[in-house]
Structure formats: C-alpha cells, structure tokens
Amino acid sequence: MIDLKALRANPELFQKAVQLKGMDVDVARLLKLDEQRRELMARQEAARSEQKKLGKEVGPQLGKLKGQLKSATEEQQKELTAQVQVLESKPAALKQEIHELDEKLKVLEPEWRHLWLCLPQPPDSDVPIGASADDNVELRHWHPSWFDPKRSFADNKGFEPKSHIELVKKLGLADFERGVKIAGSRSYVLTGAVMRLHQAVLQLALQYITEEHGFQPVSVPVIVREQTMEGTAFFPHGKDQAYLVDEQHRGGTHDLWLTGTGEVSLMSLHADEILDVDQLPLKYATCSTCFRREAGAAGKDTAGLYRIHQFDKVEQVVICKADEEESRMWHEKMIGSVESLLQKLEIPYRLLQCCTGDLGPKNADMIDIECWMPSRGEEDAEGNPSGQLGETHSASRLYDYQCRRLNIRYNDSDKRAICHSLNNTVIASPRILIPILELYQNPDGSISIPTVLQPFMQGQKVIA
RNA sequence: GGACAGGUGGCAGAGCGGCUGAAUGCGCUGGUCUCGAAAACCAGUAUGGCCUCCGGGUCAUCGUGGGUUCGAAUCCCACCCUGUCCGCCA
C-alpha cells in the first residue's frame, strides 16, 4: 500500500510504476476520488463540529423543557412543544446533512479503496526495465565441479538422463495416477524413500536457516481470513491464485483462504503492532504447506512435480527498520544463505535479476533463483531433453509497502515509522526434488542421496 | 456443538445517556530534593485521518459493524474474540 501523501506529492512516479509493471491501475481516477473524498470529509467534519457545539448548548435546555412538559397544563404544553421544536430544528438539519455526506462517501469509498490497494510499489531505480520474465537478467551462476550445465547430461555423467517422473515411477515411489484420482489434476503421491527425501530436504533447510542464520522457527496457520490475504498484499491482485474455503455458503460467518506461502502468516504475526526498535530485525522462518490454484497455467508443466497445487515450503521473512541500506543488506544476506544451501546440495543454479514487468505489485526488487533440471527443455532427435533452468526460489524486497497495509510500526527514540519487510524461499519441495532426483540419478535408475541429506535419512546413501 | 461470564488507554480498573478521549492506581518520561540512589513531591504520557498563516485547529476511535437519540463507552441488534464448565475429538 502506498502512502497517499506520497502519491499526491508525486503522482507521475506512481503512474510510471504502473506502466513499468505492465499493470492497469487508473492513477488519475484514484487521485480524483481521493480529492473528492477529502472534500466530503472536510464538510462532514465541519458539520459534526457544529453539531457537537450545538448539542452542548441546546441539549440541557431540551432536557429541562421535556421535563416540564410532563407536569404542564394543556396551554403550557403547546408553548413548550413549540420551543422544543425550535431547539431541535437546527441539529436535525445538521444530522440530515451529515447523513447525506455519509451516503456520498459510501458510494465513493469502495472504488477509492480498491484502486488504492491495487496501486503498486514502484520498482527500484536499478531494476532493469522489461515486460516479462524473458527480460530478466542473469546476475551470476554456479555449478559443482562434477556437473556443468553448459555440457550435456551425457557428457557430464556418461549416460542419458531419465526424467524425475520416470525415475520415481520406476522405483515405485511416486504415484501420479492415484494422486489425480484422489485430488484431480496436478496432484501426486510420494511414497517411501522419496517421501522421506521430501521431508529431509525441508528439515535440512529449516535447521540450516534457524540454527546457522538465527531465524526463529514458527508454526503458523495456512487457513486464514481474507483481511490477512489483503494485509500481506496477496489480494486483490492474486485472488485467482488462492483457494477459497467457502464457509459462508454453508452458514458460517466468514470465508477463509488457503495460503500459497508461509509469508502470509509470518508477516501477519505482528499486524497492528507498534514494535520497539530494539526488537528489530525480526527474523522468522516456517515450514508450511502451500496451496496454489495455478489458474491461467492450464496446459503448462502438467506432468510431474514442477507445477502442482500443493507443496511444502520453508520460507523466511525479515521485518526491519525503515532503512533502504538495511533492507538491501538483508536481501543480500538471504540470497547468500540460499546460495550456500544450494551449494551444499551441489545443485547448479543461477541468479536472475527480475525486470520491472516480472516484479509483481508489492515488490521493489526481486531476485529469482533457477536450478538446473535435466529433464526440461527441448528434446533432440533421439528424444533426449536439453536440460533447462527452472525457478525454485524467489527473494523479494518490499520496503514499507506490505507493513503499511499490515500496520506494523516501530518506535525509534521519538520517531515512529513503518517497518520494512522482505521474504525469501529457503527451499520448496517437491519442486527441488526435480534437480536432486535427476542430477543424482545413476545409470541403473537408482538415485544417490546428497551427502548433506543423508543424516536426515537415517544415513541412507542410495534410493534403489 | 451446548450453557454461562466477559471484551474500556502500555497494564490493572471505574464509568452504564450530555460535565467522558475517558476517574483512580501502576508503569514510563522529564524535573525538584540528594554526594548518589531510593522515597516523596511536581509535570507530562493513546492512535489515526484531514486542514494549517506550523501557534494550532478539527474529526474519528471504549472488540467490529449497524441502529435508536438533538446527543452513545453507556440503550437496542448482529457479528467477532476471550475465559469457564459440559459434549465430541486428532
């Protein structure tokens, strides 16, 4: 959410932000509604002020007159009633005026508010301008010595790769058919060692981020109120992507929503709180099940574990002081910690600087990480895939955009300010199982378990 | 799911139609006193919006939303939340 004062002072900046992000928000209309709203409110306040003043003068007199009415003769009653009417006429007119202004505000406010909520965070000046993910810019890449994605899989490992789908099917450790039978498209069942591998990678990530990087582990709700989705700025823009728990339909008082990321609840922990500067930065991590409708992705990545409706994710957030340097520092730190985790897992990856068009409404800056997935990409004449990088991580910097909506503030000596927030994927599984399963496969279809994951799998070294 | 009780400032707690943005106590901040501290005493101490000639002005907020009234923390309705007991249950 944008500071309306900032919008009024510099509308061009926000007009440009809308354009850079390829969004459709009528900034001029918002400004106009904002002006109308303030004008109506000013008139209403003046009327209320008058009403209050008048009430204090007239009220006691009215009380007295009405008291006298009870014991008055018929003649006196007429006289007193007339006096009451005179006294009541002016406040009544004001009441009517206030009511009418109220009605006008009620008409105007929903649209005003919607536009305000839709107004995006301007991209940072150093974010490259671009229309879509195709314009994202590679920052750096890394790979372990034993696998260079510049060469083919066969060149690296001496045999042609199987996809993670083939591998787990052959091992009998995943069942997509039954997943679909139970829950519909993009559903899956993991079994045995692959289920344990899924748990292992999550455990490793949570332990790593909490113990080595000092993030506080928190277990949070994944079914939340609409205001929680709105406060974290996933709504209104991302409403299509969230599953609705339609409680009203069956007589409940309010609906609930399934969260698509642990960020929603982690960020909402301190909604409407005024923190002390000494409490900052707050560093939280959670492991939560994430639900995504994948609306608009029909026909895309339909097979396997890449694009699915339900997965688990270790997510980290930082709530810090309103300081650009500090925000940038945490962004770097979080990205660095994920890089080092991927290096422990020995997965080739690259960092992408997302361009303006790929940022989403709430981000000032976003860095994605893509991991090497041998089964993706074009197939050659023999049907062997080229391999391709696939998105597995995303690190966002939001300045005060999210905390303003959530109303998370802090006291610093005699100043009060809105906090900054950041969030980042530590690991999302099963998607991360794709590079792990495919890169660590052996010619016989067995899968070696990465060394760092073995302690989380009772020392098991191979899935066969 | 059933039956009660209750939601007021940082905390405790009064108020139950106008004098109440709110008594009192605690806490916190500053000051007096003191070699220093404690105690005592004095003063200050909610949040947000709008306007401002930057002195201030004004409105809203006593769980939330409606209503009654010239006027609501106070009366009425709905909802939310918390506590206690019973039932069910991972």
Side-chain angles (χ1 to χ4, degrees), chain A residues 1-9 30-69 80-110 112-113 116-117 219 221-231 245 247-257 268-279 289 322 400 403-419:
Chain A
M1 185 144 55
I2 296 301
D3 183 359
L4 285 174
K5 282 180 188 156
L7 172 67
R8 287 170 205 143
L30 173 57
L31 280 164
K32 195 179 156 206
L33 289 171
D34 179 56
E35 201 184 321
Q36 286 176 0
R37 180 171 170 272
R38 279 186 293 158
E39 204 249 309
L40 290 171
M41 279 171 57
R43 279 163 59 193
Q44 196 183 38
E45 278 179 23
R48 280 217 172 96
S49 177
E50 182 67 19
Q51 184 189 40
K52 272 190 164 178
K53 215 176 355 173
L54 218 61
K56 277 178 187 165
E57 290 166 23
V58 166
Q61 298 176 47
L62 274 173
K64 206 187 276 177
L65 287 173
K66 284 183 179 170
Q68 288 172 1
L69 261 177
L80 289 167
T81 308
Q83 283 183 36
V84 166
Q85 271 173 4
V86 169
L87 284 175
E88 280 185 348
S89 64
K90 221 172 166 186
L94 280 169
K95 193 187 178 185
Q96 180 64 21
E97 189 189 342
I98 290 164
H99 181 74
E100 277 165 16
L101 289 165
D102 222 28
E103 291 301 310
K104 284 183 185 167
L105 281 165
K106 267 186 196 159
V107 170
L108 175 152
E109 270 177 340
W112 167 79
R113 189 177 149 74
W116 188 19
L117 289 175
S219 161
V222 296
I223 310 175
V224 304
R225 297 171 184 282
E226 180 155 337
Q227 68 192 54
T228 306
M229 296 300 287
E230 194 177 281
V245 182
E247 280 294 294
Q248 281 187 332
H249 192 251
R250 46 135 75 173
T253 54
H254 58 272
D255 292 338
L256 294 162
W257 297 82
S268 300
L269 286 169
H270 295 283
D272 296 314
E273 291 182 21
I274 301 174
L275 304 162
D276 195 90
V277 69
D278 299 334
Q279 291 174 262
T289 304
D400 64 5
C403 289
R404 186 184 306 280
R405 279 202 203 194
L406 285 167
N407 198 23
I408 305 176
R409 295 162 293 169
Y410 69 100
N411 282 325
D412 189 0
S413 52
D414 47 354
K415 274 188 310 196
R416 175 162 296 146
I418 296 169
C419 297

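Numbered from 1 within each chain, the chains take letters A, B, ... in sequence-line order.
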Is the CD1 atom of A/Ile223 crowded by more than 12 outside heavy atoms at less than 6.0 Å? no
Atom CD of residue position A/Glu35 - does it have more than 12 heavy atoms of other residues, nucleotides or ligands inside 6.0 Å? no
How far does the [atom1] atom of [N] sit from the matching atom of [M], given to the nearest Å?
| N | M | atom1 | result |
| --- | --- | --- | --- |
| B/rA22 | B/rU45 | P | 10 Å |
| B/rA72 | B/rC19 | P | 11 Å |
| B/rC75 | B/rA14 | P | 15 Å |
| B/rG17 | B/rU69 | C1' | 9 Å |
| B/rU61 | B/rU74 | C1' | 16 Å |
| B/rC11 | B/rC62 | P | 16 Å |
| B/rA78 | B/rA3 | P | 14 Å |
| B/rG15 | B/rA23 | P | 14 Å |

Apply salt bridge (Lys or Arg N to Asp or Glu O under 4.0 Å) to the pair A/Glu230 and A/Arg405, showing each step before the final yes or no. CA-CA 8 Å; A/Glu230 194 177 281; A/Arg405 279 202 203 194; 6.0 Å; no
Tabulate protein N/O versus nucleotide N/O from nucleotides 56-58 of chain B, keeping only pairs under 3.5 Å, one per line.
{"unit_1": "B/rU58", "atom_1": "O3'", "unit_2": "A/Ser49", "atom_2": "OG", "d": "3.3"}

Once pairs are restricted to Watson-Crick or G-U wobble with both distances under 3.5 Å, how does RNA chain B read as a dot-bracket string, [ ] for crossings and | for other-strand pairs? ((((((((.[[[..)..(.....]]]((((((.......))))))((((((....)))))).[[[[[..)....]]]]])))))))....
Go through B/rG48, B/rC59, B/rG71 for me and flag the one nearest to the A/Lys52 side chain. B/rC59
May I have the distance from [X] (atom [atom1]) to [N] (atom [atom2]), rounded to whole angstrom?
| X | N | atom1 | atom2 | answer |
| --- | --- | --- | --- | --- |
| A/Gln227 | B/rC79 | CD | P | 18 Å |
| A/Leu54 | B/rG18 | CG | P | 18 Å |
| A/Leu108 | B/rG49 | CG | P | 19 Å |
| A/Arg8 | B/rC51 | CZ | C1' | 11 Å |

Expected list for residues 31-41 of chain A near RNA chain B, using heavy atoms below 4.0 Å, is A/Arg38, A/Met41
Let me confirm one number: the NZ-CD distance from A/Lys104 to A/Glu109, rounded to the nearest 0.5 Å. 14.0 Å
What contact category does A/Gln51 fall into here, base, sugar-phosphate, or nothing, at under 4.0 angstrom with non-hydrogen atoms? sugar-phosphate
Chi class for B/rG55: syn within 90° of 0, otherwise anti: syn
Side-chain N or O of A/Arg225 closer than 4.0 Å to phosphate OP1/OP2 of B/rC81: yes
